[in-house]
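Notes for the one structure printed next.
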Amino acid sequence: MTGHVVKDLRHVYDMVLEAADRVGRPPGQVPASGLEDWHSQMSVLKKRVLVTGGAGFLGSHLCERLLASGHEVLAIDNYFTGRRNNVAHLLDHDSFEIIRHDVTFPLYVEVDEIYNLACPASPIHYQFDPVQTTKVNVVGAINMLGLAKRVKAKVLQASTSEVYGDPTVHPQTEDYRGSVNPIGPRACYDEGKRCAETLFFDYYRQHKLRIKVVRIFNTYGPHMHPNDGRVVSNFIVQALRGEDITIFGNGTQTRAFCYVDDLVEGFVRMMATPDAVTGPINLGNPHEIPIRFLAERVIALTDSKSKIVNRPLPIDDPMQRCPNISQAQNILGWTPTVALDVGLSKTIAYFDRLLATVPH
Ligand code: NAD
Ligand code: UDP
């Protein structure tokens, strides 16, 4: 479809937003039917989309979703935590390409949209080489923003609930400025992501770039690495192998877990918003649970004989975390739909198949 059709659609959507504002709805909140029409119209426009971190857990699902919507997808990855296996089923697709590339180096390609996901997400991986983690977030963001500026692409940043640190406001709203220890072992990730947000908003103000920032809360699903180190994959792998389930601390710390398909839907909806919508917007499932409850559900769903054991709580491990998703609901018309047991069962089935093929 041609550029002027896209412009017309944007114009229609802006008119819907204005009409909603005139009848006194909060800014950006539009009738659900207007949003649905907008999203279905936007999804038929074929675009060239760059996904950094495309061989990772979230990136591989996003590539799959973008291809299914008819877009051309270029994934880049340095395979630090990602695997070619995650995209093996996409390699024969005419509209898919993957390149080994490190985002800390400049990239010269022509694209319409960029999803910037490249960065290790699990504490054991991002703490393995903390200087590189800060670089990926800061230099990687600068490179992707520079690319977006040159080719006039829209660019979405995968930010994180970690920008809230160990939060004193609960559930976390986007206007909460966070409680991050700038010199602790998690800072390379937390502060790196905070600096990336700063860069996105400075490019928006200074260079009028079209930016989208989403703050992702704990997400899980197939394609997580079996040695990823994050809690859902750890518990499932331990349960399937009959090993002890390692709860760090006493397990009363809370998290809220979002299934990957729900999150990817949120990404796509955010990218399709009019230019005035920049975020940051929280994306996550607001169903908050203690980590001990997660361990119990995994044991029940795998019918495992594993025992729960307690290990020391890592430094700066947040005691509670749960998103307020009012903005995502109002602006994107988005709410997670996959219940915890359903998502866990799909993830367990994935790891069951995977562990059958890899040596213990
Ligand atoms: P992941 O580790 O599976 O994926 C990250 C991908 O980035 C991997 O494929 C890795 O090889 C790649 N990568 C790392 N450094 C790179 C570099 N220098 N150049 C190119 N590629 C590089 O993690 P994920 O869960 O898929 O996370 C994806 C993004 O979402 C990350 O930016 C992460 O911070 C963010 N996020 C994820 C969650 C979550 O719960 N999954 C929560 C908050 C934020
Ligand atoms: N956790 C745990 N056992 C594990 C891995 C993690 O109890 O084997 C805890 C961890 O200390 C944290 C929670 O689970 O309180 C979520 O950890 P994860 O690394 O998945 O995500 P994040 O801390 O970044 O939210």
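Both counts, for ligands and for their atoms, begin at 1 and track the order of listing. All values derive from a computational prediction rather than experimental measurement.
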* To do: With atom 43 (C) of ligand 1 as the reference point, say which of Val260, Val232, Asn78, Ile216 has the nearest heavy atom.
  => Ile216
* Asked: Quick one: does Gly229 get within less than 4.0 Å of ligand 2, heavy atoms only?
  -> yes
* Asked: So, does Arg311 use its side chain to make a donor-acceptor pair with the main chain of Ile247 at under 3.5 Å?
  -> no
* **Glu197 with Arg215: basic N within carboxylate O range, under 4.0 Å** => yes
* **Nearest-0.5 Å distance, CD1 of residue Ile291 to CD of residue Gln253** => 5.5 Å
* **Asp317 and Arg255 ion-paired at < 4.0 Å** => yes
* To do: Compute the minimum heavy-atom distance from Ser122 to ligand 2 and say whether it is under 4.0 Å.
  => no
* State whether Asp244 and Lys307 are salt-bridged, where the test is any N-O pair (Lys NZ or Arg NE/NH1/NH2 against Asp/Glu carboxylate O) under 4.0 Å. => yes
* Asked: ligand 1 and Thr219, any nitrogen or oxygen pair closer than 3.5 angstrom?
  -> yes
* Shortest protein heavy-atom distance from atom 21 (O) of ligand 2, along with the residue and atom involved -> Asn218 ND2, 3.4 Å
* Would you mind finding which of Asp228, Asp77, Leu263 brings a heavy atom closest to atom 9 (O) of ligand 1? => Asp77
* What protein heavy atom sits nearest atom 15 (O) of ligand 2, and how far off is it? -> Asp317 OD1, 2.6 Å
* Among Gln320, Glu288, Arg321, whose side-chain hydrogen bond (donor to acceptor under 3.5 Å, both in side chains) with Thr254 holds? -> Glu288
* **Protein heavy atom at shortest distance from atom 4 (O) of ligand 1** => Gly56 CA, 3.6 Å
* Give a yes/no on ligand 1: does Arg230 have at least one heavy atom closer than 4.0 angstrom to it? => yes
* Per-residue contact class, Thr246 against ligand 2 - non-hydrogen pairs under 4.0 Å -> both
* To do: Check whether any N or O atom of Arg230, backbone or side chain, sits under 3.5 Å from an N or O atom of ligand 2, and answer yes or no.
  => no
* To do: Pick, from Asp129, Val136, Asp102, Leu117, the option with the minimum heavy-atom distance to atom 29 (C) of ligand 1.
  => Leu117
* If you measure from each non-hydrogen atom of Arg311 to ligand 2, which part falls under 4.0 Å: side chain, backbone, both or neither? -> neither
* **Region of Ser159 engaging ligand 1 - heavy atom pairs below 4.0 Å** => backbone
* **Identity and separation of the nearest protein heavy atom to atom 22 (P) of ligand 2** => Arg186 NH2, 3.5 Å
* To do: Any atoms of ligand 1 less than 4.0 Å from a non-hydrogen atom of Ala121? List them with their elements.
  => 2 (O), 23 (O), 24 (P), 25 (O), 27 (O), 33 (C)
* Where's the contact between Tyr220 and ligand 1, heavy-atom distance under 4.0 Å: side chain, backbone, both or neither? -> neither
* Structure fact -> Under 4.0 Å from one or more heavy atoms of Gly82, ligand 1 contributes atoms 8 (C), 9 (O), 10 (C), 11 (O)
* To do: Could you establish whether His101 and ligand 1 come within less than 4.0 Å of each other, counting only heavy atoms on the residue side?
  => yes
* Does ligand 1 have an atom that lies less than 4.0 angstrom from a heavy atom of His223? -> no
* Considering non-hydrogen atoms only, spot the tightest contact between Tyr126 and Thr133 and give its length. => O-OG1, 2.7 Å
* Asked: Heavy-atom contact under 4.0 Å between Tyr126 and ligand 1?
  -> no
* Short N/O distance, under 3.5 Å, between Val231 and ligand 2? -> yes
* Asked: Would you say Asn218 touches ligand 1, if touching means a heavy atom closer than 4.0 Å?
  -> yes
* Per-atom contacts of ligand 2 with Arg321, taking only distances under 4.0 Å to non-hydrogen atoms -> 22 (P), 25 (O)
* **Part of Pro314 within contact of ligand 2 (heavy atoms, under 4.0 Å)** => side chain
* Please report which non-hydrogen protein atom sits nearest to atom 9 (C) of ligand 2, along with the residue it belongs to and the distance in Å to one decimal place. => Gln253 NE2, 3.9 Å
* Protein residue, atom and distance nearest to atom 13 (C) of ligand 2, heavy-atom basis -> Ile291 CD1, 3.7 Å
* Polar proximity ligand 2 side, Phe248 side, N/O cut 3.5 Å exclusive -> yes
* To do: Report the part of Asn234 in contact with ligand 2, treating N, CA, C, O as backbone and CB onward as side chain, heavy atoms under 4.0 Å; options are side chain, backbone, both, neither.
  => side chain
